[in-house]
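So the structure is just underneath, and the comments pick up after that.
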Number of protein chains: 2
Amino acid sequence: MKAEKNPSFQADALSHKLGAFLDVGSQEKTMLELLQGPQSFIGAGKEVVYEGQNNHAAYVLRKGWVCSYKRLRDGGRQIVDIQIPGDFLGLSSLLLRTSDQGFISLTEIELAKINTNRLQEVLQTTPRLAAALLWAVSRDQAIVVEHLVNIGRRDTMARTAHFLLELHARLSLVGLGTVDGYHCPLPQSVLADALGVTAIHLNRVLRQLREDNLVIFRDSAITFLDRERLARFAGFDLTYLDHKASLTD
Amino acid sequence: MKAEKNPSFQADALSHKLGAFLDVGSQEKTMLELLQGPQSFIGAGKEVVYEGQNNHAAYVLRKGWVCSYKRLRDGGRQIVDIQIPGDFLGLSSLLLRTSDQGFISLTEIELAKINTNRLQEVLQTTPRLAAALLWAVSRDQAIVVEHLVNIGRRDTMARTAHFLLELHARLSLVGLGTVDGYHCPLPQSVLADALGVTAIHLNRVLRQLREDNLVIFRDSAITFLDRERLARFAGFDLTYLDHKASLTD
DNA sequence: CGCGCTCTTGACTAGGGTCAAGTGCAGTGG
DNA sequence: CCACTGCACTTGACCCTAGTCAAGAGCGCG
């Protein structure tokens, strides 16, 4: 089940993710492949879609990490969400002419452009797959909402813990997590921009989490020392990631 | 154009809102009416949909104010968004079996249940109207994202100003705003829960905004004293409310 | 009249931001 | 092989924003 033992696994993260919602048959798997147009490989730190871009495309992230963000007048930025393999980029804002968020690659990435015509076909002809795709979009929204709650109501320590636990759950769903941790290529400055705090303060909070024997973030790796206790401390309840869709039965 | 001069106006807030995106023809207006099932009238402070409710319905809010929120373990709550006449309730999470947010009425309200079967019909047979509905859903998402940015990156004073300006823009779109203000039935405690601060601190910040001759919140009414300056101060840029959809032309 | 609710204000505390200095390390060039 | 540079991370000292605790004011309602 480890990603490095099965190279095709990561590239197929999307179908694996959807598999959490329904069994993806081989025909549906083919449809899913057809949805995805030409691949592109992009280095780290590149703007994939910029804020205000017109008629931007939507993509499936096949490898690597991306974040979506909004810039502020004063030069700061707020990271809205982190995208990991199997996630969509810009799908939900496809209907708006201009993207209100920017997307930037955090590592080297592999993207597949979504063929919008085929997408409409799929939505009309393959109801099960359509439901699965809409489920994924709804889940992305729930993630943003939980992020809002996280920033609005938890102090930095619980907030950080919650965020790291969420990433673990999401990565595990696409086979990129281990029992007690995961590879996390984010620099502290990016994590800070996601959590709405300064990098300096985040650094202190990470030290506190480490000294409390809860979680260690070192050498681009998250290691949970006591995930149960951490989840209790953070008030982490993963039902928002776990929703079953209402059309299943 | 004033709401009080045209009583039918408010009840038709949705079609008016969609009118900002495309001209709603009379046939489309009829479809829109057919979408909406039986009305219900509910008093203030009632739970319309509770957190974790299964197989909840979706509604159009025709009159009054509602908020969507999530509760935390410790008893606190974070208000995710405020709904005003013409807004949907629970539409985007219709595909998830359980609602991850609760909805509570903030005033007396009038709801129309959305007929889900008819909705699917509309989506397939009336593409222009379908696009308009999806536009509205995308816009709601953009509002939540901007809320996230607001809480993550602005101090309470700018945050409050931004939130009040957003409400003004949204209310104006459905004919419920005046040039320099609007009726705002929110108690300070609710506003505080939306902004992620304590009611006490919000109270002080509102005083500051008043003393700086920017905006007055008194007797359930918002009055802007200098909207230009306030918008500059808050970094308010309403493009996220104003998006045109990409399928218009 | 008294109860409860919202709003207001004061005094104190603590969480988080700002400024500043310093460490460790990978990459580059002498 | 060893400076030199740049970047991410670390730590300390200080200050300010926002939370906590507490008390009181204004007002609608039974």
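Computed from a predicted model, the values in this text were never measured in an experiment. Each chain gets a letter, A, B and so on, in the order its sequence line appears, and its residues count up from 1.
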Is there a donor-acceptor pair closer than 3.5 Å between any side-chain N or O of Glu108(B) and the backbone N or O of Ile42(B)? no
Please confirm whether the backbone N or O of Ile143(A) pairs with a side-chain atom of Asp140(A), one donor and one acceptor, at under 3.5 Å?
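No, the answer is negative, given that no donor and acceptor are paired below the 3.5 Å cut-off.
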Separation of [X] atom [atom1] from [N] atom [atom2], in whole Å?
| X | N | atom1 | atom2 | result |
| --- | --- | --- | --- | --- |
| Arg210(A) | dC9(D) | CZ | P | 12 Å |
| Asp193(B) | dC7(C) | CG | P | 12 Å |
| Gln208(B) | dT8(C) | CD | C1' | 15 Å |

Residues Ala57(A) and Lys113(A): closest non-hydrogen pair is CB-CE, 3.4 Å
Contacts of Thr107(B) meeting side-chain contact (heavy atoms from CB on, under 4.5 Å) (sequence neighbours excluded), chain-then-number -> Trp65(B), Ile109(B), Pro185(B)
Can you name the residues that form a side-chain contact (heavy atoms from CB on, under 4.5 Å) with Asn54(A), not counting sequence neighbours?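 For Asn54(A) the side-chain contact (heavy atoms from CB on, under 4.5 Å) partners, ignoring immediate neighbours, are Arg97(A), Thr98(A).
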Note: contacts of residues 211-222 of chain B with DNA chain C (heavy atom, under 4.0 Å) are none
Could I get a table of every N or O pair under 3.5 Å where one atom is in the protein and the other is in nucleotides 22-25 of chain C?
none

Ring pair (Phe, Tyr, Trp, His ring centres under 6.0 Å) filter on Tyr69(B), not counting sequence neighbours, yields none
Legend entry - Pairing residues for Phe233(A) by the ring pair (Phe, Tyr, Trp, His ring centres under 6.0 Å) criterion, not counting sequence neighbours: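 Counting only residues at least two positions away or on another chain, Phe233(A) forms no ring pair (Phe, Tyr, Trp, His ring centres under 6.0 Å).
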Check: For residues 198-217 of chain B, which residue pairs qualify under salt bridge (Lys or Arg N to Asp or Glu O under 4.0 Å), counting only residues two or more places apart or in two chains?
Finding: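 Checked against salt bridge (Lys or Arg N to Asp or Glu O under 4.0 Å) - neighbours excluded - no pair reaches residues 198-217 of chain B.
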I'd like to check the salt bridge (Lys or Arg N to Asp or Glu O under 4.0 Å) partners of Asp226(B); sequence neighbours left out, ordered by chain and number.
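Testing Asp226(B) for salt bridge (Lys or Arg N to Asp or Glu O under 4.0 Å), a comparison that skips the adjacent residues, returns Arg229(B).
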Per-nucleotide protein contact along nucleotides 25-30 of chain D, 5' to 3', at a 4.0 Å heavy-atom cut-off (B base, S sugar-phosphate only, - neither), is ------
Side-chain donor-acceptor contact under 3.5 Å, Arg62(B) with Gln36(B): yes
Which pairs pass side chain to side chain donor-acceptor pair (under 3.5 Å) with one or both residues in residues 181-196 of chain B, sequence neighbours excluded?
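Of all non-adjacent pairs touching residues 181-196 of chain B, those that pass side chain to side chain donor-acceptor pair (under 3.5 Å) are Arg77(B)-Asp193(B), Gln188(B)-Asn203(B).
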Here the side chain to side chain donor-acceptor pair (under 3.5 Å) pairs for residues 160-176 of chain B, sequence neighbours left out, are Asp81(B)-Arg170(B), Asp87(B)-Arg170(B), Glu146(B)-His162(B), Arg154(B)-His162(B), Glu166(B)-Arg170(B), Glu166(B)-Tyr240(B)
Please tabulate the protein-to-nucleotide N/O contacts below 3.5 Å involving nucleotides 14-19 of chain D, giving atom names and distances.
from, atom 1, to, atom 2, distance (Å)
dA18(D), OP1, Thr156(B), N, 3.0
dA18(D), OP1, Thr156(B), OG1, 2.9
dA18(D), OP2, His201(B), NE2, 3.0
dA18(D), O5', His201(B), NE2, 3.2
dG19(D), OP2, Thr198(B), N, 3.3
dG19(D), OP2, Thr198(B), OG1, 3.1

Let's go through Phe163(B) and His147(B) carefully: what are the C-alpha distance in whole Å and the side-chain angles of both, what is the deciding distance for ring pair (Phe, Tyr, Trp, His ring centres under 6.0 Å) to 0.1 Å, and is it a yes or a no?
CA-CA 8 Å; Phe163(B) 191 79; His147(B) 194 180; 5.7 Å; yes
May I ask you to evaluate whether Asn203(A) reaches the phosphate of dT10(D), defined as a side-chain N or O under 4.0 Å from OP1 or OP2?
-> yes
